[in-house]
Amino acid sequence: MANPKVIVLTGYGINCEEETAFAFDKAGAKSEIVHINDLIDGVKNLKDYQILAIPGGFSFGDDTGSGNAYANKLKNNLKEQILDFVKRQTLILGICNGCQILSLTGLIPATFGKYGEPQVAFRHNSTARYECRFVDVKANSEKCVFTRGLDVLHIPIAHGEGNFYAENSTLERLEENQQIPLKYSYSHGDLANGEFPINPNGALLDTAAVCDESGRIMGMMPHPERAIFFTQSDLWTLEKEMRLRSGKELAEVGDGLAIFKNAVGWF
Amino acid sequence: MANKIEVAFKIDDTRAQVRKRRFNDFEFGEKIKEVFLNDVYTIDHDFSNDDLNKIGCVLSNKVIEKFVVDEALIPKEFDFAIEVGFLPGVTDNIGHTAKETIEDLLKMTFKDGEGVYTSQITFIKGQLIEDEVKAIADSLYNPIIQRVRIKNKAQFKEDLGMNTIVPKVKLHGNIEADEINLAEMSDDELLEIGKKGVKDPKNGEFRGPLALSLNFMKLIRDYFKNVEKRNPYDIEIESVAQTWSEHCKHTIFASPMDDISEGIYKKYIKGATEKVRKDKGKEDICISVFKDNSGAIEFDDDYMITDKVETHNSPSALDPFGGAITGIVGVNRDCIGFGLGAKPILNRYGYCFADPEDKWPLYRDQKRTNKMLSPKRIMEGVVAGVNFGGNCSGIPTPCGFKYFDKRYKGKPLVFVGTVGLMPKDVDGKQGHVKKAKSGDYIVCVGGRVGQDGIHGATFSSEALDSGSPATAVQIGDPITQKKLSDAIVKEARDKHLYNSITDNGAGGISCSVSEMAKECGGFVVDLEKVPLKYPNLEPWKIWISESQERMTLSVSKEKWAEFKSLMERRSVEAVIIGEFNDTDRAIVKFNGKEIMNMDMEFLHEGLEYYPLKTEDYKVKFDEPDMPVPEKLGEVLNDMIGRLNICSYDFISYQYDHMVQGSACLLPLQGKGKVNANAYVIKPRLDSNKGVVVSQALYPNYSEIDAYHMAACSIDNAIRNAISVGGNLDHLALLDNFCWCSSQDPKRLGQLKDAAKACYDYAVSFGTPLISGKDSMFNDFKGFDRDGNPIDISVLPTLLISSIGVIEDVRKCVSMDCKFDGDLIYVIGKTKEELGGSEYFAYLGEKDGKEKFIGNKMPEVDSDLAKNIYRKMYEAIQKDLVVSCQSVDFGGIGVALAKKALAGKLGIEVNLSKIDISGDVERDDYLLFSESQSRFIVTVDPSKKEKFESVMRGLPCDLVGKVVNTNKITIRGLKGNVIVDEDLDKLNGSYRKRLSKY
């Protein structure tokens, strides 16, 4: 299939739906922004889509924990529909708030196939403060559809609760299974090893993203949709000047687009 | 019986660790050993134990948290427990979400009056005396909106935890309108009502200030006596007071002043824009100015951009966090309420505070029971409030500044602004034009109405238990507004489901309905239909309440069903409260009884303006008489570490500035991440057209000459925009006057001067003023720690904000040096202009004295500046400029240092190469003079000739080059090295001052 259909969820304070839809479209998909209530009311149905995206934002103002109230709304009203969606050959991408929502609904990491059971958490950042800055993440998983063939990406984070936590046994299993597809790293690819601000939130194992065992469902704390243009990077004016001096054309796209291209290319 | 669920972490709680560190950092050394936090949900509804356990599960995250039902979750080790919860009636966002979650989980609904209330218990382990525990509690709560309870371990265990408190609002008010016998009142009585408010006929208490002068009171009395031939109801007087307020009618700007009969607003502000538009002719960029909630200029063929900057000063002094949230989400509504509804695309902020290290307390009363919040609390609360409001709303907040002076200690200034994007065409109609039609429903959407913000804040510290009156201070609820905003600007607007829309801000629906009714003629409102937060609110309160997150719309009868259904599906409450008509009457009914029936004309135009007089305010200040410091390198470190110059990256990092995917030039620039003073976004994902925003202010200059102060602010706001690639021909300005003691003819003299400069320079630069706001009484009258009276007035503060359109963002330039070997130029004329400068302030303060003001302040030569700005634009468009920094506080010395730090590259310059025409005789003055219209740029050596040829004929001095060392080396007037400083050291100085926050 050339142009997979993407449903980009919104409502209740999700706020990155437009740029997320745009990124998917730019990568060749056909996306549609849908309010969660239209899914609950049956106006729209997940069976009509191949990719589900839950964008970043502040659903319910982070009250009762980031993503918690939105995850509860999904679980209370759409559990069966989502599990049916997972069973098909589909993809799910959760970004930032969407990543927190995926972990709270138990769609990631779902080790031992236990979809629906939360196994990991994103706690308050080690600074206990919202952090908005560019980071580097190193791709680590060929299993994960979204990160295959990628190396280091320079993309931003913007969150208050991105400090990944899981029990040791879970961590071991995630490592073994290539279920940590992105890790905070230096620009040359060495892992941050917990060093702030290379690892901006204190996440265990420098975890920036988690996927399920199939590699088709990924939640990531950084925002690839905010790095799809050359001019979105924090250092693009320097990069531009380098290119001018070496007679090169200006680049068009940013590092984040590769995640969306991988998703679309999978179909 | 209320139930309680307590949630705590079962692994390390990072919030608690950071809280411990901050307690110890600021006050307690290493005394505090452990901190634990419990989140408490008090649920006012009968649930079975089984249901409560299900609720506990959804309110906690089982991977990291645990919960208990109806018992206390007690940490193993602690000495004290401090619980902080809200007072009755204060918005409890988390409680609200918990309630919604429970309703969705159990498919039930809470009855009216039931609810969920949250609080938080902080457990502390450490050997502390009682006063220290109390100091910690004071730092955790604000008595205006919160309650606190402290227990030691023994008591906590004996009581089995904290007591259960349900902060429910119960009002037993008289819910009818009262007739007020104005006709027979003496002048003294009229004056008293104008000052203290309507006297409640039942209990004899005054209801709070109306701010109506005796003259205005007489106009109202005479109108009812002679025209309506009856006594007014309380609600009618309140309504007039709101409509005629300084806040709504800007009486000082509108009144005749000296020989200016039309007032300074018409002559200088509006007059400037009219002149600029005429001068620009076909090149006019204005679309909608001075008539809507925001101003609007051209963006591209399909869109316009809007801008508005507001202040929220008094509420932020009382409740910094809540006040700042309310400020930022409030100005967002000025964007959503522009035309048919613009989409917010950028937030601005700006803070004037006292030094956060200032520990001398201030009190509102002589007995010193009512203490002001400390500058540190105010700063932290305001910064956090805009964080919460801006981040939750999904609007990037890159653009801002901080400015410190002790004269902001009595009242901080909190500027907030919002830029919007608006289609020119909405379903075949012009996007910026709105018109309520006779026969349309008056529709209220968004939040519900409570006693919030009626006549400002009145509060009581006894309000602890059930049955207490609601408090008057409001915490914003950004998510309620986000739902409203999305439903309006992303859906309803483009389906053209309404004819007009406006914000409910000051004066609540009394102002929004009567303002909008001007578009058609009149209105009838049925006040009992307004949705309330709690029952028994008196009609006048419903009418003027400033409860947030609400907008008023005019919806035609045919569109109502579709509009209502859309709002329901988006969880936005929408209610018809009346109808617009063309009767020229403003009518309000309550349960069928008419309690307001006035002439629209009198309501809006019935006030008269009284002439104001100004006086000369200029004084001669002492000139500093000190030799040139020997170690100018040390001085440069001190200068770059000053509060008004140092890094505020702690703010930039915590404000989401990349949401919407629009960021182009970020608030922190270069590898070294130095705070920039202009920002660029690309608001349309499918276009490379950009918007540049900046701002400037020089409050310290007001002391010397307010005319030149305003000129410098305008020049600086424009210059910042030019420095990143802005185009003078597509640039507009906004003015925010925050004055003090505006009954004082000298202060009015400063105001008139500043306004005149706005005219002269806006016209000369060709930059229209498209929107503005004033706040005229930023004065504090209180007592010091010895009970002595103390008055603190803010510096007359004019904030100029700039907004412009950039053809192609790929041409933009950042401030950081980029390659060693690049040439460094100083553009513009450097003179000995240090009056009011940071350097003079430093010279005074360094000796532990007051800051020096001096007299010879910068003046702006707008003809020269215009030439420089046009040529800089040309050079940038031709890719001839590698980096550019506009020179402001701290002059060339600071600007050079910032460029080096941002690029993480060294600099070698010789300032004797600057053509100073013998005007500057001291190295320190050369380094730190704040002469306007100057830039420092770096240029690729291979483009030297091209760059110099563009700048030919303008002051443009090649002073040195970027070097691959870790040093900044500056030679002075005689060619000798005057500064030779290590960049790491300078970087430390730049970041130290605010690093704890």
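This structure is a prediction, so every number in the text was calculated from the model and none was measured. Numbers restart at 1 for each chain; the letters A, B, ... are given by sequence-line order, proteins then strands.
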Side chain, backbone, both or neither of [X] within contact of chain A (heavy atoms, under 4.5 Å):
X      : result
B/I479 : side chain
B/D39  : neither
B/N387 : side chain
B/Q17  : neither
B/R570 : both

Would you call [X] and [Y] a salt bridge, taking side-chain N to carboxylate O under 4.0 Å as the test?
X      : Y      : answer
A/R245 : B/D822 : yes
A/D41  : B/R569 : no
B/K99  : A/D63  : no
B/R15  : A/E161 : no
A/D234 : B/K671 : no
B/K490 : A/E17  : yes

Would you mind checking which part of [X] comes under 4.5 Å of any heavy atom in chain B, side chain (CB onward), backbone (N, CA, C, O), both or neither?
X      : result
A/L238 : both
A/K240 : side chain
A/Y70  : neither
A/A121 : both
A/V43  : neither
A/E239 : neither
A/I14  : backbone

For A/Y130 and B/N391, test the side chains for any donor-to-acceptor distance below 3.5 angstrom and give the result as yes or no.
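Side-chain D/A pair, A/Y130 to B/N391: absent.
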
Would you tell me whether B/D104 and A/N76 have side-chain atoms, one donor and one acceptor, within less than 3.5 Å of each other?
yes

State whether A/F229 and B/K682 meet the cation-pi test: NZ (Lys) or CZ (Arg) under 6.0 Å from the six-membered ring centroid, and within 45° of the perpendicular axis.
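So B/K682 does make the cation-pi contact.
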
Please lay out, stage by stage, how B/N93 and A/F60 fare under the test side chain to side chain contact (heavy atoms under 4.5 Å, CB included).
CA-CA 9 Å; B/N93 287 318; A/F60 293 92; over 6 Å; no

Tell me the closest heavy-atom pair linking B/V63 and A/Y165, and the distance in Å.
O-CE2, 3.9 Å

Are there over 12 heavy-atom neighbours, none belonging to [X], within less than 6.0 Å of that residue's [atom1]?
X      : atom1 : result
A/K248 : NZ    : no
A/E117 : CD    : yes
B/K10  : NZ    : yes
B/K689 : NZ    : yes

Do [X] and [Y] come within less than 4.5 Å of each other through their side chains, counting heavy atoms only?
X      : Y      : result
A/K26  : B/L685 : no
A/N125 : B/T14  : no
A/R133 : B/M658 : no
B/K818 : A/T237 : yes
B/I94  : A/T64  : yes
B/S393 : A/N15  : no
B/V18  : A/T127 : no
B/F9   : A/H124 : yes

Inter-residue atom distance [X].[atom1] - [Y].[atom2], 0.5 Å rounding:
X      : Y      : atom1 : atom2 : answer
A/N68  : B/S60  : CG    : OG    : 8.0 Å
B/L666 : A/C132 : CG    : SG    : 8.0 Å
B/S814 : A/E241 : OG    : CD    : 9.5 Å
A/R123 : B/D12  : CZ    : CG    : 6.5 Å
A/Q232 : B/S662 : CD    : OG    : 8.0 Å

Closest-packed option against chain A by number of heavy-atom pairs under 4.5 Å, given [options]:
options                       : value
B/Y655, B/F388, B/Y653        : B/Y653
B/I11, B/V680, B/V809, B/D816 : B/I11
B/K343, B/R19, B/Q481         : B/K343
B/V882, B/L665, B/D486        : B/V882
B/N688, B/V7, B/D879, B/T118  : B/D879
B/A663, B/C664, B/G903        : B/C664

Working note: A/K75 + B/V58, criterion side chain to side chain contact (heavy atoms under 4.5 Å, CB included); need CA distance, chi angles, decisive distance, verdict.
CA-CA 10 Å; A/K75 285 194 284 192; B/V58 300; 5.9 Å; no

Are the side chain of A/W236 and the backbone N or O of B/R810 linked by a donor-acceptor pair below 3.5 Å?
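Not at all, since once roles are kept as given, no pair shorter than 3.5 Å links the two residues.
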
Whether A/E19 side chain and B/Q660 backbone form a donor-acceptor pair below 3.5 Å:
yes

Evaluate side chain to side chain contact (heavy atoms under 4.5 Å, CB included) for B/K107 paired with A/N77, printing each intermediate quantity in order.
CA-CA 10 Å; B/K107 303 296 175 203; A/N77 300 286; 2.7 Å; yes

Side chain to side chain contact (heavy atoms under 4.5 Å, CB included), that's the test. Do A/Y12 and B/K482 meet it? Break it down for me.
CA-CA 7 Å; A/Y12 294 97; B/K482 174 69 175 156; over 6 Å; no

Tell me, out of [options], who's got the most heavy-atom pairs with chain B below 4.5 Å.
options                       : result
A/N37, A/N163, A/T10, A/I33   : A/N37
A/G61, A/G13, A/A158          : A/G61
A/H223, A/M242, A/R129, A/K73 : A/R129

